Amino acid sequence: MGKPIAIDLNPSRAVEIDGALVAHGLGLALADFRQLMEQRKITVLCELGTGEDAGLYRASFYHEGRRVRLVVDGDGNPVRPARGGTGDEVSAAPVARQGR
């Protein structure tokens, strides 16, 4: 077996991302985005960077077949989109559904 990997099951740090960036990337008004978040109709996946990406987070937001993915620092400031470009861009793409 390989070396064990530590997994923090209860992270104590919260990263806050500007909802306007995500709403824009999903093609939603900010108020609609916030409402959908409260209703848990937008799925969020946040990944912690390792190695040369240590201290960065990749946040992916999913809604109705669309995805917005941001790479942010520990304060939630975009540093670059997940697919290159400048830190001001948002990587938004349709999500392929399995079996299609």
Side-chain angles (χ1 to χ4, degrees):
M1 283 206 174
K3 182 179 174 184
I5 299 171
I7 300 174
D8 187 355
L9 298 178
N10 189 15
S12 60
R13 177 132 172 88
V15 177
E16 295 184 16
I17 296 173
D18 183 355
L21 288 174
V22 181
H24 176 75
L26 291 173
L28 298 169
L30 182 56
D32 293 337
F33 169 73
R34 288 184 174 155
Q35 183 177 20
L36 290 166
M37 284 292 293
E38 288 178 15
Q39 296 171 348
R40 297 183 178 204
K41 292 186 177 181
I42 293 177
T43 305
V44 181
L45 172 65
C46 187
E47 301 165 276
L48 175 62
T50 60
E52 66 182 49
D53 291 325
L56 300 178
Y57 299 84
R58 181 170 64 188
S60 301
F61 296 81
Y62 301 90
H63 178 66
E64 292 188 351
R66 296 208 35 93
R67 174 188 68 212
V68 172
R69 190 174 271 174
L70 294 160
V71 176
V72 299
D73 63 18
D75 294 323
N77 300 309
V79 293
R80 65 177 186 267
R83 294 185 185 221
T86 67
D88 295 331
E89 296 175 10
V90 174
S91 173
V95 177
R97 297 187 187 270
Q98 286 184 319
R100 288 190 178 184

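For clarity, every value in this text was computed on a predicted model and none was experimentally measured. FYI, the numbering just counts along the sequence from 1. What you see below is based on every heavy atom in this structure, not just the backbone, and it leaves out hydrogens, waters and symmetry mates.
We find the CD1-CD distance between I42 and E64 to be 9.0 Å, quoted to the nearest 0.5 Å. The OG atom of S60 sits 3.5 Å away from the CZ atom of R69 when rounded to the nearest 0.5 Å. One finds the CG atom of L48 at 7.5 Å from the OG1 atom of T50 (value rounded to the nearest 0.5 Å). A distance of 11.0 Å separates CG in L21 from CG in L26, rounded to the nearest 0.5 Å.
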Output, in order, the C-alpha distance, side-chain angles, deciding distance and verdict of side chain to side chain contact (heavy atoms under 4.5 Å, CB included) for F33 and M37.
CA-CA 6 Å; F33 169 73; M37 284 292 293; 3.6 Å; yes
Run the numbers on H24 and V68 for side chain to side chain contact (heavy atoms under 4.5 Å, CB included), then give the verdict.
CA-CA 9 Å; H24 176 75; V68 172; over 6 Å; no
Side chain to side chain contact (heavy atoms under 4.5 Å, CB included) between V22 and L28, worked out:
CA-CA 8 Å; V22 181; L28 298 169; over 6 Å; no
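The backbone N or O of L56 sits nowhere less than 3.5 Å from a side-chain atom of D53 that would complete a donor-acceptor pair. Remark: side-chain polar atoms of H63 are paired, donor with acceptor, to backbone N or O of K41 under 3.5 angstrom. No side-chain donor-acceptor contact under 3.5 Å links D75 to the backbone of N77.
Considering only heavy atoms from C-beta on, F61 comes within 4.5 Å of I17 through its side chain.
Listed here is the closest heavy atom pair of G74 and Y57: CA-CE1, 3.8 Å.
Around CD of E52, the count of heavy atoms belonging to other residues, nucleotides or ligands within 6.0 Å does not exceed 12.
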